[in-house]
**Q** 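Questions regarding the structure given below will be posed in turn.
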Amino acid sequence: MPLTVLGDTDVNRILHSLTRDDILELQQSLADALHWYSTSNDANDCCSDFQPERTHLRRKDGSTTLFMPASGITGQGVKVVSIVPPDADPLSGLPVLAENLSIGSDQSSVSSPRSSMSTASPFTPSSPSRTTSSAASIDTPTSTGHASLSSALSSAAASAVSTIRGSLTLLDSQGNTTGLLNASELTAFRTALASKMLLKKRSSVHDLTVFGAGKQAYWHIRLAMLLRPGEIHHLNIVTRNFETARACILRLYNPQPDDPSYVNAVGSSYNSKMKANLLTPMHTEYERLLKEYVRAANVIFCTTPSSSPLFPAGYLTNPEGRKKGRYITCIGSYKPHMVELHPDIVRNAVAPHHEHKHHHKRQKEGGAVIVDTVSGCLKEAGEVIQAKLLPDQVVELGELFMLKREAMSKAAAKGVKVDGGCAFQENSGLLEWLTKGNVIYKSVGLGLMDVVVGSELVRMARERGIGTTIEGF
């Protein structure tokens, strides 16, 4: 049995070659697996009954190692990842509120963001030919009011590495090891792939606000651009480090600088109508702009391991904030004490809404928070735990989908063409909520996602001759 080994470069090469159709096909495969996970009985290997709980190992240096075993239709696997805490990696691009400590910190010794962060303002991506240089050497137009970091901070940011490191081991149904993949990029990609399933039906994605500028933020933005091409008019990135955010934008338009033949599926910055704004806490109007970006957003991605809310609840719970429905993704926090979204916002999303609440007519509430795994989020998701949600107030993502064969059968009966990607259950109230309402998606990670996506990457690698193959392993 051959073993396919994919290093970080190999995984990056495959992921950045994916087109919109490829993403939709991957989402359909993942939707089928998640549907089986949430709804099938023990006759299916994807059933939640066959998915062991993940194990945490905390080391004295503050890092956390996660062991995530999973069972899939064609095999099984286990991912092992180590997560470095934010206070051990201050240049990871995580945002902070002006009145709070650095995100993820719990000690008052952390320096104030206003004394350590750079300013930011509207940003125009540089030409692709310049993106191979380091972040510290990329010129920024001074006429727009950008302020650069010190050379020492810029140099450190340019050399910073991912805070998530690990590997995914895949086995077939007989227990033979078939794949070994670097999990850094894969983890960010599969998380974004799942959360983007709900982006497909949104009626408007014109304004996108993202908290964080690391790999998770990058893949959430990239997949949004691929799946809703030309529809994102404003991209607002809120982050601690301006250079990290700028590097994220530059990577979107030139992700493979060492490959002159590479064709970027998201297109060129010259042809993009999307306006990007980068905001850090040192901006003199940080609070005003933060409120503006949150209120204006149709979609909000929260991708930081934060221990305190990224913005005040009132931004979205008072009458002005309730004038539109939003899709909010929270994927950065993974422990009970960690939150990105204020618990009041979460409680507001599931509370019964009576007339005296004065909810805007355009705002639809689903009465539940969508999660990747109910059992996992009830134990590990800070937003769910601190909001004191009950099991019947959370619904698994897999419950919302139809299997591909079921969707195709129903479409054939109606004489219509099946749209690419995952298909939602045919329920008018559900579709109205997912399209226009307030939808919160919380994910703490599910090993089944890694097995499904990793298996697909191994298949693609073998077809394209990418990676290293060890025969007779």
**Q** Measuring from atom CD1 of Ile385 to atom CD of Glu380, what distance do you get when rounded to the nearest 0.5 angstrom?
**A**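 If we round to the nearest 0.5 Å, Ile385:CD1 and Glu380:CD are 8.0 Å apart.
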**Q** Provide the closest heavy-atom pair for Ser333 versus Val444 in the form atom of the first, atom of the second, distance.
**A**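 Closest approach of Ser333 to Val444: O-CG1, 4.4 Å.
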**Q** Show, in sequence, the C-alpha distance, side-chain angles and deciding distance for Met197 and Phe401, and conclude whether the side chain to side chain contact (heavy atoms under 4.5 Å, CB included) test is met.
**A** CA-CA 10 Å; Met197 291 177 174; Phe401 302 127; 3.4 Å; yes
**Q** What's the spacing between Cys248 SG and Leu278 CG if we round to 0.5 Å?
**A** 9.0 Å
**Q** Starting from the C-alpha separation in whole Å, work towards a yes-or-no answer on salt bridge (Lys or Arg N to Asp or Glu O under 4.0 Å) for Arg251 and Glu185.
**A** CA-CA 14 Å; Arg251 188 187 183 202; Glu185 210 78 34; 3.0 Å; yes
**Q** For Val339, is there any backbone N or O sitting under 3.5 Å from a side-chain donor or acceptor partner on Ser306?
**A** yes
**Q** List the residues meeting salt bridge (Lys or Arg N to Asp or Glu O under 4.0 Å) with Lys79, not counting sequence neighbours, and say none if there are none.
**A** Asp450
**Q** Taking only residues two or more places apart in sequence, or in another chain, which ones meet Tyr327 in a ring pair (Phe, Tyr, Trp, His ring centres under 6.0 Å)?
**A**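 For Tyr327 there are no ring pair (Phe, Tyr, Trp, His ring centres under 6.0 Å) partners, ignoring immediate neighbours.
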**Q** So, for Val294 and Thr209, which heavy atoms are closest and what is the spacing to 0.1 Å?
**A**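 What the structure gives for the nearest pair is N-OG1, 4.4 Å.
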**Q** Indicate whether any N or O donor in one side chain lies under 3.5 Å from an N or O acceptor in the other, for Asp259 and Ser261.
**A**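 The answer is yes; a qualifying pair exists.
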**Q** Taking atom types as modelled, is there a side-chain donor on Thr19 or Asp21 under 3.5 Å from an acceptor on the other?
**A** no
**Q** Is there side-chain contact between Leu289 and Glu292, with heavy atoms separated by less than 4.5 Å?
**A** yes
**Q** Just so I know, are the side chains of Leu316 and Ile328 near enough to count as touching, which here means a heavy-atom distance under 4.5 Å?
**A**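 They are in side-chain contact.
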**Q** Kindly confirm or rule out a cation-pi arrangement of Lys196 over Phe301, judged by NZ or CZ under 6.0 Å from the six-membered ring centre and within 45° of its axis?
**A** yes
**Q** Are Asn182 and Ser184 close enough, and set up right, to give a side chain to side chain donor-acceptor pair (under 3.5 Å), and what steps lead you there?
**A** CA-CA 6 Å; Asn182 185 295; Ser184 178; 4.6 Å; no
**Q** Examine distances only and state if a side-chain atom of Glu340 and a backbone atom of Leu310 form a donor-acceptor pair shorter than 3.5 Å.
**A** no
**Q** Would you name the heavy atoms of His220 and Ser195 that are closest together and state the gap between them?
**A**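 For His220 versus Ser195, the nearest heavy atoms are NE2-OG, 3.0 Å.
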**Q** Taking all heavy atoms of Arg190 and all of Gly445, pick out the closest pair and write down the distance.
**A** NH1-CA, 3.8 Å
**Q** Indicate yes or no for a side-chain donor-acceptor contact from Lys335 to the backbone of Ser307 under 3.5 Å, with no hydrogens or angles considered.
**A** no
**Q** Counting distance only, does the side-chain N/O of Glu432 pair as donor-acceptor with the main-chain N or O of Gly437 below 3.5 Å?
**A** no
**Q** How long is the span from the CD atom in Gln216 to the OG1 atom in Thr187, to the nearest 0.5 Å?
**A**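 These two atoms lie 7.5 Å from each other.
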**Q** Would you find a donor on one side and an acceptor on the other, under 3.5 Å apart, between the side chain of Asn12 and the backbone of Asp8?
**A** yes
**Q** Would you please test Val238 and Tyr286 for side chain to side chain contact (heavy atoms under 4.5 Å, CB included) and show each step?
**A** CA-CA 10 Å; Val238 185; Tyr286 176 73; 3.8 Å; yes
**Q** Just say parallel, tilted or perpendicular for the rings of Tyr218 and His16, cut-offs at 30° and 60°.
**A** tilted
**Q** Report the residues that fulfil salt bridge (Lys or Arg N to Asp or Glu O under 4.0 Å) with Glu396, sequence neighbours left out, ordered by chain and then residue number.
**A** none
**Q** Identify the residue among Asp372, Thr329, Thr191 that makes a side-chain hydrogen bond (donor to acceptor under 3.5 Å, both in side chains) with Ser443.
**A**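 Exactly one option meets the side-chain hydrogen bond (donor to acceptor under 3.5 Å, both in side chains) with Ser443, and it is Asp372.
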**Q** I'd like to know whether Leu26 forms a side chain to side chain contact (heavy atoms under 4.5 Å, CB included) with Phe189, so could you lay out the CA-CA distance, the side-chain angles of the two residues, the decisive distance to 0.1 Å, and finally the verdict.
**A** CA-CA 11 Å; Leu26 280 174; Phe189 173 80; 3.9 Å; yes
**Q** Taking the side chain as every heavy atom from C-beta outward, state whether Leu193 and Trp219 have any atom pair closer than 4.5 Å.
**A**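 A side-chain contact is absent here, since even the closest heavy-atom pair is not under 4.5 Å.
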**Q** Are the aromatic rings of Tyr293 and Phe311 close, with centres under 6.0 Å apart?
**A**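 Centroid separation for Tyr293 and Phe311: 6.0 Å or greater.
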**Q** Taking ring pair (Phe, Tyr, Trp, His ring centres under 6.0 Å) as the definition, give me every residue that meets it alongside His342, ordered by chain and number, with sequence neighbours left out.
**A** none
**Q** I'd like to check the ring pair (Phe, Tyr, Trp, His ring centres under 6.0 Å) partners of His206; sequence neighbours left out, ordered by chain and number.
**A**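 Counting only residues at least two positions away or on another chain, His206 forms a ring pair (Phe, Tyr, Trp, His ring centres under 6.0 Å) with His233.
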**Q** Calculate, to the nearest 0.5 Å, the distance between atoms OG1 and NZ belonging to Thr373 and Lys442 respectively.
**A** 12.5 Å
**Q** A side-chain contact here means heavy atoms from C-beta on lying under 4.5 Å apart; do Tyr262 and Pro255 qualify?
**A** yes
**Q** Tyr37 side chain to Leu446 main-chain N or O, any donor-acceptor pair under 3.5 Å?
**A**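 The answer is no, because no donor-acceptor pair under 3.5 Å joins these two groups.
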**Q** Quick one: do Arg13 and Asp10 satisfy salt bridge (Lys or Arg N to Asp or Glu O under 4.0 Å)? Show the steps, please.
**A** CA-CA 5 Å; Arg13 182 180 171 188; Asp10 301 321; 5.6 Å; no
**Q** Working to the nearest 0.5 Å, report the span between CG of Asn254 and CD1 of Ile249.
**A** 13.5 Å
**Q** Rounded to the nearest 0.5 Å, what separates atom CG in Leu208 from atom CD in Glu231?
**A**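 Reported value, rounded in 0.5 Å steps: 12.0 Å.
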**Q** Would you check if the side chain of Arg228 reaches a backbone N or O of Arg202 as a donor-acceptor pair within less than 3.5 Å?
**A** yes
**Q** Would you check if Leu34 and Leu30 make a side-chain contact, meaning some heavy-atom pair closer than 4.5 Å?
**A**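 Side-chain contact under 4.5 Å: yes.
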**Q** Nearest heavy-atom pair of Tyr253 and Met274: which atoms, and what distance?
**A** OH-CE, 3.4 Å
**Q** Please answer whether the main-chain N or O of Arg295 pairs with a side-chain N or O of Lys323 as donor and acceptor at a distance below 3.5 Å.
**A** no
**Q** For Lys379, which residues count as a salt bridge (Lys or Arg N to Asp or Glu O under 4.0 Å) partner, sequence neighbours excluded?
**A** Glu53
**Q** Test your reading of the model: is there a side-chain donor-acceptor pair from Thr303 to the backbone of Phe211, 3.5 Å cut-off?
**A** yes
**Q** So, Arg59 side chain and Thr64 main chain: donor-acceptor pair closer than 3.5 Å or not?
**A**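 Such a contact is absent between Arg59 side chain and Thr64 backbone.
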**Q** Below 4.5 Å, heavy atoms only, C-beta onward: do Ile232 and Val299 meet side chain to side chain?
**A** no
**Q** Quick one: closest heavy-atom pair of Lys324 and Ala297, and the distance?
**A**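 Distance-wise, the nearest heavy atoms are CD-O, 3.5 Å.
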**Q** Taking the side chain as every heavy atom from C-beta outward, state whether Val384 and Leu378 have any atom pair closer than 4.5 Å.
**A** yes
